[in-house]
Amino acid sequence: MALSQVEVLPNGLTLAVEERPWTPGVAMQLLVPVGAVNDPEGMEGAASLLEGWLWKGAGSRDARALAEAFDDLGVRRGSSSALEYTTFAAQFLADKLEAVLGLYADVLMRPHLPSEALEAVRQIALQELAALEDQPPKKMLAALRRAVFASPHGRNPSGQEAHLKAISAEALRADFARRYAPQGAILALVGGIGFEEARQAVLNAFGAWSGAGAGYPPVELAPVRTLHLEQETAQVQIGLIYPDISFEHPEFYSARLAAQVLSGGSSSRLFTEVREKRGLVYSVYAAPNGVKGYSYLTAYAGTTPERADETLRVMQAEIARLAEGVREEELERTKVGLRAALVMQDESSRSRAASIARDLYLLGRVRTLDEIEAQIAAVDVARINRYLAAHPYQNPWIATLGPRKLVAAE
């Protein structure tokens, strides 16, 4: 199995290369720690605007010429801004590495950021924000996340309407100059290239990039509470967030396997108890989530007003029941499912590049598939049940969206 080589370059950019000589292609994931979490005060949504604005011309090319240059090299690409960082993903042939990195260097170091193009970017951002009103589950979960954090970690990456409308081109350019920097940025390359070849190409493209970036705010939690968003809808949206253990915790994989027992498929506990046995919901799940420095378990259900109170009670009861332990067959079924997902992910160079960048961002190191499989295999029933007894899921933040408050949430 290929191992990743990692080096922090002189300007602070972290380079990770996983060689796969059997493939002629390369998958790239460039993670820049520019997200909603470090948007300036009064400028929520700035990271989202910048991500769109960067593509409106760079280096010697206007927006159209820049797009054509990527297309001429056969690059499949995408970019997005999220809560903690902005990512630039690409797939291309290995012999195009120098040229592709040169184009990305223009985008990140020499963007035009033309004033006349900002309004179109702003309107797209405002439309994406407005679309939340038509997506009640996302609206509810966004409000729930904001209720959990007293720090900027609860922000909506799409921003706030008033802020998006008020941000000027001058303020956004200053924000770009401050936050887009190599310090803390991560460039992961997976495919048919050698480390030394990749290192030299990256130095050629990004060696002159400089700056310390914006930093990362400390995580602060708000008091646990229940909130209700009143909206005349035919469905009720229910969300819960439970504190969970961090990525660095020695029982991290016990927690992940427990979450899979709870909600890892059509035989999982939530699906079976809430949907199949009682017919309470059209959708129910639980999933581990987190930010750098804090992890949590999110649970969601979509149901009708008549079934909402019972749905919330049953969900909480099933999640609390994990503390009583899991059965051998539940654990083994979950292990098989997780291992299959890992193998499928590892076969995709694009997925592997993304996981390498995320590992480096969250853990400061890259986990191998062998390491993850060994950690999963080491969790037996006795171990996971000891963990669950000592770390029960309880006292969640709760959010509901619908025509009335739920009695069960009071």
Side-chain angles (χ1 to χ4, degrees), residues 30-71 77-90 103-143 145-146 149 151-181 185 211 213-217 229 231:
L30 174 59
L31 183 158
V32 184
V34 175
V37 76
N38 52 25
D39 277 342
E41 288 297 324
M43 291 177 61
E44 289 186 37
S48 175
L49 289 177
L50 281 172
E51 183 273 321
W53 205 19
L54 287 174
W55 297 104
K56 302 303 181 181
S60 62
R61 301 173 177 88
D62 62 16
R64 183 183 180 86
L66 182 63
E68 290 176 345
F70 276 105
D71 289 345
R77 60 187 173 91
S79 59
S80 63
S81 175
L83 177 63
E84 297 178 280
Y85 43 74
T86 298
T87 53
F88 301 85
L103 289 178
Y104 276 102
D106 280 344
V107 171
L108 295 173
M109 298 166 61
R110 295 173 286 276
H112 294 175
L113 304 179
S115 297
E116 65 275 11
L118 178 57
E119 195 55 37
V121 174
R122 190 195 313 273
Q123 289 306 313
I124 292 172
L126 287 167
Q127 289 174 39
E128 290 177 353
L129 182 62
L132 270 181
E133 293 299 318
D134 298 323
Q135 302 174 75
K138 288 187 177 181
K139 179 180 178 180
M140 179 275 298
L141 289 170
R145 193 171 58 251
R146 190 176 283 271
F149 294 101
S151 55
H153 300 81
R155 288 175 174 176
N156 182 351
S158 297
Q160 293 193 42
E161 181 180 3
H163 294 191
L164 289 171
K165 289 180 175 179
I167 295 172
S168 68
E170 292 75 19
L172 208 53
R173 289 192 190 99
D175 186 40
F176 167 80
R178 182 177 66 94
R179 285 200 286 171
Y180 268 82
Y216 189 81
L229 306 177
Q231 188 168 322

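Please read all numbers here as calculations on a predicted model, not as lab measurements.
Scored by the salt bridge (charged side-chain N to carboxylate O under 4.0 Å, His left out) test, E68 finds R64 as partners (sequence neighbours excluded). Evaluation of the side chain to side chain donor-acceptor pair (under 3.5 Å) rule for Y180 yields no partner, not counting sequence neighbours. Take K138 and apply the salt bridge (charged side-chain N to carboxylate O under 4.0 Å, His left out) test, not counting sequence neighbours, and it matches no residue. Evaluation of the salt bridge (charged side-chain N to carboxylate O under 4.0 Å, His left out) rule for R110 yields D106 as partners, not counting sequence neighbours. In this structure E119 satisfies the side chain to side chain donor-acceptor pair (under 3.5 Å) test together with R122, Q123, sequence neighbours excluded. Residues forming a side chain to side chain contact (heavy atoms under 4.5 Å, CB included) with S80 (at least two apart in sequence, or on another chain): T87. Partners of S115 according to the side chain to side chain donor-acceptor pair (under 3.5 Å) rule, which considers only residues two or more places apart in sequence or in another chain, are R173. Every residue meeting the salt bridge (charged side-chain N to carboxylate O under 4.0 Å, His left out) condition with E133, not counting sequence neighbours, appears here in chain and number order: K139. R145 pairs by the side chain to side chain donor-acceptor pair (under 3.5 Å) definition with nothing, not counting sequence neighbours.
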Side-chain donor-acceptor pairs of residues 30-43 under 3.5 Å, sequence neighbours excluded:
unit_1 : atom_1 : unit_2 : atom_2 : d
N38    : OD1    : G35    : N      : 3.1
N38    : OD1    : R179   : NH1    : 2.7
N38    : ND2    : P33    : O      : 3.0
N38    : ND2    : G215   : O      : 3.2
D39    : OD1    : A47    : N      : 3.0
D39    : OD1    : R179   : NH1    : 3.1
D39    : OD1    : R179   : NH2    : 2.8
D39    : OD2    : G45    : N      : 2.9
D39    : OD2    : A46    : N      : 3.4
E41    : OE2    : R155   : NH2    : 2.9

Exercise answer: donor-acceptor pairs, residues 52-61 side-chain atoms, under 3.5 Å, sequence neighbours excluded:
unit_1 : atom_1 : unit_2 : atom_2 : d
W53    : NE1    : P114   : O      : 2.9
W55    : NE1    : E51    : O      : 3.4
W55    : NE1    : S79    : OG     : 3.1

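When all heavy atoms of P157 and S48 are compared, the pair lying nearest together is O-CB, 3.8 Å. Taking every heavy atom of both residues into account, A185 and A181 meet most closely at CB-O, 3.9 Å.
No more than 12 heavy atoms of other residues, nucleotides or ligands lie within 6.0 Å of CD in E161, so this atom counts as exposed by the packing criterion.
Between L103 atom CG and L66 atom CG the span is 6.5 Å, to the nearest 0.5 Å. Summarising the geometry, atom NE2 belonging to H163 is positioned 5.5 Å from atom CD belonging to E44; distances are rounded to the nearest 0.5 Å. To the nearest 0.5 angstrom, N156 atom CG is 7.0 Å from R146 atom CZ. The distance from the OG atom of S158 to the CG atom of L164 is 8.0 Å, given to the nearest 0.5 Å. Put simply, CE on M140 and CG on L132 are 12.0 Å apart, with the number rounded to the nearest 0.5 Å.
The stretch residues 104-135 participates, sequence neighbours left out, in these ring pair (Phe, Tyr, Trp, His ring centres under 6.0 Å) pairs: F70-Y104.
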>> Go through it in stages, so that I can follow the logic: the residues are I167 and L118, the test is side chain to side chain contact (heavy atoms under 4.5 Å, CB included), and I'd like the CA-CA distance, side-chain angles, deciding distance and then a yes or no.
In response: CA-CA 10 Å; I167 295 172; L118 178 57; 5.8 Å; no
